[in-house]
Structures are given as C-alpha cells and as structure tokens.
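All chains are named by letter (A, B, ...) in the order of the sequence lines, taking the proteins before the strands, and each is independently numbered beginning at 1. Only this structure's heavy atoms are used, side chains among them; waters, hydrogens and symmetry mates stay out.
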2 protein chains.
Amino acid sequence: MLDFTALKLDDQTPIYQQVVRYVKLAIISGTASSGEELPSRRFLSALLGVNPNTIQKACRLMEEEGFLQSAAGSGSSLSFTPEMAAEMKRALLREETLRYLDSVKKMGLGRQAVLALVEDLWAEETGGEER
Amino acid sequence: MLDFTALKLDDQTPIYQQVVRYVKLAIISGTASSGEELPSRRFLSALLGVNPNTIQKACRLMEEEGFLQSAAGSGSSLSFTPEMAAEMKRALLREETLRYLDSVKKMGLGRQAVLALVEDLWAEETGGEER
DNA sequence: CTGACTGTATTATATCAGTAATACAGTCAG
DNA sequence: CTGACTGTATTACTGATATAATACAGTCAG
C-alpha cells in the first residue's frame, strides 16, 4: 500500500498534478512496485484534506498514462513494466535538468559556475549524505 | 528601452509571473540597467498578444518589489541599486537550484550522478559554449 | 443476502488567471 | 491649449482548479 503521508502539498501547482508527480517519483525511485495498491480515493482525499474529485482527476490521468489500473469494488493499483519506469525516469530527469540549465544560463552562469553551485548546495541541503 | 521580443510565453505559468521573471533575468544578467525604460503597458500587451490588465498586474508586482517606478504620462522605468541586483541573483539562483536538487534526490540520484547529468545536458543544450 | 467498502458520475458554487471594453487622470510635445 | 500619449481603475465574461453534496454501480467479507 503506497504511503502518502510524506506528500506535502504546496499551493503553487494544481493538487492533482502534485499527486501524479508524487506517485511517479515513487515509481522512479523504486519506492513503489508494480502491483502495489493505492489507498482508496475517499481515504486519500481525507488524508490530504482535499476534495475526492481532485483525487479522482489525478487517478484518471494516471490511468490514461497507463501505470494505474482501477475497478469498482477492487480499488486501484499500480501496473508498469521496468521499461516504463526507466523511460519515465529518463524523461522527467531530462526535462527538469534542461529547464534548470536554461534558467541559470539566462542568469549569466557558465558551465563551471553551475557545477560549483550544485556542489555547494548539494552539501548544504540535506546534510550531504555522500552516494 | 528594454526589449521584450525575446520573451516566449508558455502556458504552464501565469503570464504576469513570466513577465516579472523576464525583467528580473534581464537585471540579473546585466542586460538591463537602472533607469532604463519599459515599453508602455499598451504597447507591451499588443506585442505579447495578451491583455493590458495582465501587464498591469506584472508592473504592480515589480513596483511592490521595489525595482520599477511608474508615473502617469511619464511611463515606467527600472530603478535598482547594484546591491539589489546582486541579492536578486543570489536569491533566485539559490531557490531554483535547491528546488532542482530536491527533485533529483527524490528520483534517487546521488551527487556524482547529478554532476554528470548536468555536464551531459549542458553540452547538448545550446551547442555548449564554454565559459 | 446484506452491508460496507470500492470506483465513477453529476450538478452547483467559489476563486483566480486572463480577456475584453471602457473610463479617467497625469504628462508633454506641437 | 490641444491632442496624443502615459499609467490607473472598473465592470463583465470565460475557463480551469477546487470544493461540496449527492447518487449509482461493482466487489467482497460477514
């Protein structure tokens, strides 16, 4: 059963998008496995303090993307191949990195400056666990 | 006179936020200098193909942030000190980098993997001009 | 079978971003 | 002074996000 207690909602992005992203990150990082169940829509909406329709919208999107299967009475569960997970990771990493690089370039930074900045803030952020 | 022809609008973010960001990036990168004039709100809205009220909202925000001065009849012009520009750059770089690093960490990447990814996509993106 | 859960669908309302169409007041060149 | 520009303000409309309150149908343990 996928855990949603770690999902912190911000009010800058549509909630349904944040929910989809949270599930995708769980798949990408290996936290969630294919076949794993999601809490019911009603339970999830109560847990997150949002409307059931908002969760329903997130679930509909994930079904359309092909990694969630739902059936009345049986609940909803993840369903994806390792290839789908790998492609999901590749696409999301590429997209976010290109957006970030485009942004810092517009601020006038060069390659070395970005690398230095990333190293600096990497250490600062979460106590710098080496990997 | 600040040039807005290079501003490409996307439909994922509120337009007024994109306009503010564009002006900030011009200040940060040194493209714009204090005292420089902005095109009139009507001209700008026509150029970007958006509503005058949207531009008005962007201008109001920039006034509240303290780097734009407006007066009826005289137009709007930038007004900032070198210290304000430096602080703007520092804050924006820090914010965007931390957001990016948080995201890639959630996807399971480590320090080395991020640095490698940034180097790879840096070269790919704009033909890789060294700096 | 019954009841309590599941997903699904519908209608109404509120808020916000953006559009649209005006109106008004300050500045300044002619 | 006049007119054409400037910023500023107001009202009305649309679409998307989210809320709220239901209603209906499928599943399954007791």
Quiz item: Between A:Lys57 and D:dT17, does any side-chain N or O lie under 4.0 Å from OP1 or OP2?
Solution: yes
Self-check item: A:Glu37 CD to D:dT27 P, straight-line distance once rounded to whole Å
Solution: 14 Å
Quiz item: Any chance CD of B:Glu96 has more than 12 other-residue heavy atoms, nucleotides or ligands included, within less than 6.0 Å?
Solution: yes
Quiz item: According to the ring-ring contact (aromatic ring centres under 6.0 Å, His included) rule, which pairs have a member within residues 22-51 of chain A, sequence neighbours left out?
Solution: A:Phe4-A:Tyr22
Quiz item: Are OP1 or OP2 of C:dA17 and a side-chain N or O of B:Thr54 less than 4.0 angstrom apart?
Solution: no
Practice problem: Could you check which residues of residues 9-23 of chain B get a heavy atom under 4.0 Å from DNA chain D? Sort them by number, please. | Solution: none
Self-check item: For A:Phe80, ring pair (Phe, Tyr, Trp, His ring centres under 6.0 Å) partners two or more places apart
Solution: none
Exercise. For A:Asn51 and C:dT13, give me the distance from atom CG to atom P, rounded to whole Å.
Key: 16 Å
Quiz prompt | Partner residues of B:Lys24 under the salt bridge (Lys or Arg N to Asp or Glu O under 4.0 Å) criterion, sequence neighbours left out | solution = B:Glu65
Quiz item: Considering residues at least two apart in sequence or located in another chain, which fulfil the salt bridge (Lys or Arg N to Asp or Glu O under 4.0 Å) criterion with A:Lys106?
Solution: A:Asp102
Self-check item: Residue pairs fulfilling side chain to side chain donor-acceptor pair (under 3.5 Å) with at least one residue in residues 31-40 of chain A, sequence neighbours excluded
Solution: A:Ser29-A:Thr31
Self-check item: Length of the line joining A:Asn53:CG and C:dA9:P, which is rounded to integer Å
Solution: 11 Å
Self-check item: Pair pattern of DNA chain D in dot-bracket, where unpaired bases get dots and | marks partners in another strand, Watson-Crick or G-U under 3.5 angstrom
Solution: ||||||||||||||||||||||||||||||
Scan nucleotides 1-8 of chain D against the protein and return all N/O pairs shorter than 3.5 Å with their distances rounded to 0.1 Å.
unit_1: D:dT6; atom_1: OP1; unit_2: B:Ser40; atom_2: OG; d: 3.1
unit_1: D:dT6; atom_1: O2; unit_2: B:Gly73; atom_2: N; d: 3.0
unit_1: D:dG7; atom_1: OP1; unit_2: B:Arg41; atom_2: NH1; d: 3.2
unit_1: D:dG7; atom_1: OP2; unit_2: B:Arg41; atom_2: N; d: 3.1
unit_1: D:dG7; atom_1: N7; unit_2: B:Arg42; atom_2: NH1; d: 2.9
unit_1: D:dG7; atom_1: O6; unit_2: B:Arg42; atom_2: NH2; d: 2.8
unit_1: D:dT8; atom_1: OP2; unit_2: B:Arg41; atom_2: NH2; d: 2.6
unit_1: D:dT8; atom_1: O4; unit_2: B:Arg42; atom_2: NH2; d: 3.4

Quiz prompt | ring pair (Phe, Tyr, Trp, His ring centres under 6.0 Å) partners for B:Tyr100, two or more places apart | solution = A:Tyr100
Compile the donor-acceptor pairs under 3.5 Å between side chains in residues 11-18 of chain A and protein atoms, sequence neighbours left out, one pair per line.
unit_1: A:Gln18; atom_1: OE1; unit_2: A:Asp10; atom_2: N; d: 3.0
unit_1: A:Gln18; atom_1: NE2; unit_2: A:Asp10; atom_2: O; d: 2.7
unit_1: A:Gln18; atom_1: NE2; unit_2: A:Thr13; atom_2: O; d: 2.7

Self-check item: side chain to side chain contact (heavy atoms under 4.5 Å, CB included) against A:Glu64, all qualifying residues, sequence neighbours excluded
Solution: A:Arg60, A:Leu61
Quiz item: With sequence neighbours excluded, what pairs up with B:Glu119 under the salt bridge (Lys or Arg N to Asp or Glu O under 4.0 Å) test?
Solution: A:Arg111
Quiz item: Just by distance, do the side chain of B:Thr97 and the backbone of B:Leu93 share a donor-acceptor pair under 3.5 Å?
Solution: yes
